[in-house]
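Worksheet: one structure, shown below.
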Amino acid sequence: MIGGNPGGCAAAVSAARSGCKVILLEPTKTLGGINANGVFAFDAATPQAMSGIAEEMEERIRAHYERIGLHDPLFTSRHDLVWESHVAATVWGEFLAATPGVTVLLSAVPVGVTMAGGRIHEVQWLPASDPSGNVAAGDTPRSIIRARQVIDASYEGDVMAWSGAPYRIGREARSWQEPHAGAIYSSNMEYSPSGYLPNSILPGSTGEGDGRIMAFACRLHCRIYDDVSPDAPHRLRLPPPGYDPKNYSWEPVGRNPDGSPVYFNTIYVLVNGKFLLNRMIRGNNLVGPNRDYILAHPFDRKPLRQAFIDYALGYLYFVQTEGGMPALGLADDEFTDNDGIPYQIYVREARRLEGLATLTEADVTPYIAGDGIRPPGKRHAIAITDWTLESHGCADDIPAGYKSPEGWLFNRVTRAPFQIPYGCLLPQGVDNLLVCGAISATHIAFSSVRVESARIQTGTAAGIAASLAVQRDCAPVEVPVEELQRALLARGSKLSYFVDVGSEHAHFRAIQWAALRGFVPRDEHWRFLPDNPIDWAAFVQAIVVCLRLPVSVSGIHFEGIGPRHPSFAYAEALYDLGTRADVDLFRARDLVNEDPLQAVLRPTMGPRLIPFVPDAPVATREVERMLVMVAVILGAPTAALTNLAAQCDAAASPSRGLVCAMLETLCP
């Protein structure tokens, strides 16, 4: 296991819980990745996007703060949980220490691999020379780990690259699948200098592809101190190397009623009286040597890493000396053995795997290939997330006439929950490697999937997939995705997003199973309505979609729905299924025995059609009758179905969730 960030930790826990022995290599002195170095939440747009180990981790963090008696107002003012960096590191460490089968090696830097027959034979590592995971080339013998399966969860993707797995670095050109790809300027949330509205794509956006990636950052943790004298301990005595005040800006974005400044988007309030210095434009974001950093060997990264640290310290120095805020200084209780500097820089984007599947912008927004509410569904989904397109700048300069650097994009309107398919974790040409950090995605798609809430889920899937590959003695690509999905659902991982179906719901697994097969309501609020009575429209759709029946339309046999009605094809498919097997699913034969006088009084001379009221609830006895007949046609067992039907009054209508559970019994 490479990388002790949240994805790597989740992979380690998942594999160990599946019975595997796991060794986790983390180059720095602590676990938690960027969540323990300046990103103080999992970055899920809504809590419903998280599941499984992410929810476990949140409970552990809440328990930690309860134990120490800290009740910060931020815990209740935000919808997502927030924390201090050292707390995230501590809790991840406790989590892995409490997981049998996991061995964690901190300050262990991967430096190479050896290959044999398309497999990673050995991973080589050396001890770090400092808390940040720097390592010096020399004559020190390399330690070696041989593993049946290797998971690269790292931000940089070194082991992936050394194995020979194909990868990309940079930006694709604009295309119909990627309308925001390539070189791009946007006005963000402000009017552009030329007068265009906020969130506009501006002139100069050529859409050309190139080798650029998003800016990195060192996210400094600060406090406001009482002593504002030049000799105060928190004041930076000298500017860092390369300091240039023209690179920075510091001004309030507004004023409170009492006249005090508001620095939102420049200084973020953290837990326990701390602040995060995180200005993305003319602040601590730096493109500079980011591509060189990624492509460099770990032996050569120290000066490149230091450039990002110095740039962030330059911003703090600017704030203290020219920004009129001398009270702001590095927090005295974070990274105490590293001069208050985070152990890791924020590597937002690095290499990206070229996998068996690749996420594009069309896969993560609802407006290109989706239905305007959801992006297209993925049958092989192994994770979900709901972050929006958020590419930080891909250049440092801001040309005249713009307020943001080239490459900056925060596209809120396209935010929608989307799925990540298994193929995005599977490299081409390496038989025992899974990649759950630098997954297969375009630059634009990766700007949505790079959040830690998604990494935890892809890590969970990678850990379980690796364990299944060990058990089956096969390559991860040969692991049946349905088996992987069942294992994920059994552990409470969400594979389809619904705001009203948590993992604690009685029919969680059945609803997730049905959604993977395509039974997803077209609801603008992403609801499943699991406890609502099922109606005829949803019932016929669920049967056809969940049982993967052919959509066979041979005529018009129902009144109440026409050929353009959403239920028409599903009802007709079931009618065809029944008549082919000589099974009267809809009691069509009863229509032949109609009173002749009633037939004369009908307004048309055509044959009597089957009554169908799409929004009418379906009684349990009717649900059971039809599903038993469908089961007989398909040769499926019915005992479990009948047992579930007994949970609901015969005259009442079963819930949508219960019907999913009944259908699942017909597909063992």
Side-chain angles (χ1 to χ4, degrees), residues 362 366-377 379 496 514-529 532-596 598-619 622-634 653-654 656 659-660 662-663 666-667:
Y367 301 115
I368 300 172
D371 60 2
I373 297 174
R374 290 179 183 264
R379 271 182 63 180
S496 298
L516 286 171
R517 289 176 169 242
F519 184 48
V520 178
R522 194 179 188 280
D523 181 81
E524 63 178 327
H525 302 295
W526 304 308
R527 297 171 299 183
F528 189 85
L529 306 173
N532 282 23
I534 196 159
D535 58 29
W536 275 102
F539 184 48
V540 295
Q541 178 188 7
I543 297 173
V544 173
V545 170
C546 292
L547 302 184
R548 293 177 176 161
L549 302 177
V551 180
S552 173
V553 176
S554 304
I556 297 177
H557 303 102
F558 296 88
E559 60 184 26
I561 51 173
R564 302 294 175 261
H565 192 278
S567 301
F568 175 78
Y570 301 119
E572 290 292 346
L574 285 176
Y575 179 81
D576 259 20
L577 177 76
T579 58
R580 288 172 187 270
D582 196 20
V583 174
D584 192 6
L585 286 176
F586 290 97
R587 297 191 176 94
R589 289 173 177 151
D590 293 350
L591 300 177
V592 177
N593 300 319
E594 183 182 66
D595 180 345
Q598 292 297 320
V600 169
L601 295 176
R602 294 184 69 220
T604 63
M605 295 295 293
R608 176 74 185 276
L609 301 180
I610 302 166
F612 189 93
V613 183
D615 58 356
V618 191
E622 190 66 9
V623 168
E624 183 180 11
R625 182 190 74 82
M626 286 194 68
L627 291 185
V628 166
M629 289 193 291
V630 169
V632 169
I633 295 171
L634 301 179
S653 179
R656 294 162 57 88
V659 169
C660 291
M662 296 168 79
L663 286 166
L666 304 185
C667 296

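- For the pair Ile610 and Tyr575, the minimum side-chain heavy-atom distance is below 4.5 Å.
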Can you list the steps and then say if Ile556 with Phe568 is a side-chain contact (heavy atoms from CB on, under 4.5 Å)?
CA-CA 9 Å; Ile556 297 177; Phe568 175 78; 4.1 Å; yes
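- Surrounding CZ of Arg580 are at most 12 heavy atoms belonging to other residues, nucleotides or ligands under 6.0 Å away.
- Across all their heavy atoms, Leu547 and Cys667 have their closest contact at CD2-SG, 3.5 Å.
- Looking at Pro614 and Asp535, their side chains never come closer than 4.5 Å, going by heavy atoms from C-beta outward.
- Taking 4.5 Å as the limit, some side-chain heavy atom of Pro521 sits within range of a side-chain heavy atom of Arg656.
- Separation of atoms CG (Leu577) and CD1 (Ile543) is listed at 9.5 Å; rounding is to 0.5 Å.
- Under the rule for a salt bridge (Lys or Arg N to Asp or Glu O under 4.0 Å), the partners of Arg527 that lie at least two apart in sequence or sit in another chain are Asp523.
- Residues forming a salt bridge (Lys or Arg N to Asp or Glu O under 4.0 Å) with Asp582 (at least two apart in sequence, or on another chain): Arg589.
- Counting only residues at least two apart or in different chains, side-chain hydrogen bond (donor to acceptor under 3.5 Å, both in side chains) contacts with residues 547-558 comprise Ser552-Asp576, Ser554-Asp576, His557-Glu572.
- Leu574 has its side chain out of reach of Tyr570: every pair of non-hydrogen atoms, C-beta onward, lies at least 4.5 Å apart.
- Contacts of Ser496 classified as side-chain hydrogen bond (donor to acceptor under 3.5 Å, both in side chains), with partners at least two apart in sequence or in another chain: Gln419.
- Residue Cys660 holds its SG atom at 3.5 Å from CZ of Phe528, rounded to the nearest 0.5 Å.
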Which pairs of donor and acceptor atoms, one on a side chain in residues 367-377, lie under 3.5 Å apart (sequence neighbours left out)?
| from | atom 1 | to | atom 2 | distance (Å) |
| --- | --- | --- | --- | --- |
| Asp371 | OD1 | Ile373 | N | 2.8 |
| Asp371 | OD1 | Arg374 | N | 2.8 |
| Arg374 | NH1 | Tyr497 | O | 3.0 |
| Arg374 | NH2 | Tyr497 | O | 2.7 |

Assess the residue pair Val545 and Val520 against the criterion (side-chain contact (heavy atoms from CB on, under 4.5 Å)); give the C-alpha distance rounded to whole Å, side-chain angles, the decisive distance to 0.1 Å, and a yes or no.
CA-CA 10 Å; Val545 170; Val520 178; over 6 Å; no
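- Scanning both residues, Phe612 and Ala537, for their nearest heavy atoms gives CZ-N, 4.3 Å.
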Show your reasoning for whether side-chain contact (heavy atoms from CB on, under 4.5 Å) applies to Phe539 and Leu627.
CA-CA 10 Å; Phe539 184 48; Leu627 291 185; 4.1 Å; yes
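- Listed by chain and number, the residues in a side-chain hydrogen bond (donor to acceptor under 3.5 Å, both in side chains) with Arg379 amount to none (sequence neighbours excluded).
- Shown here for Val551 and Ala573, the closest heavy-atom pair between the two residues is CA-CB, 3.9 Å.
- Pro654 and Val618 get closest at one heavy-atom pair: CD-O, 3.3 Å.
- Residues Cys546 and Phe519 share a closest heavy-atom pair of SG-CB, 3.8 Å.
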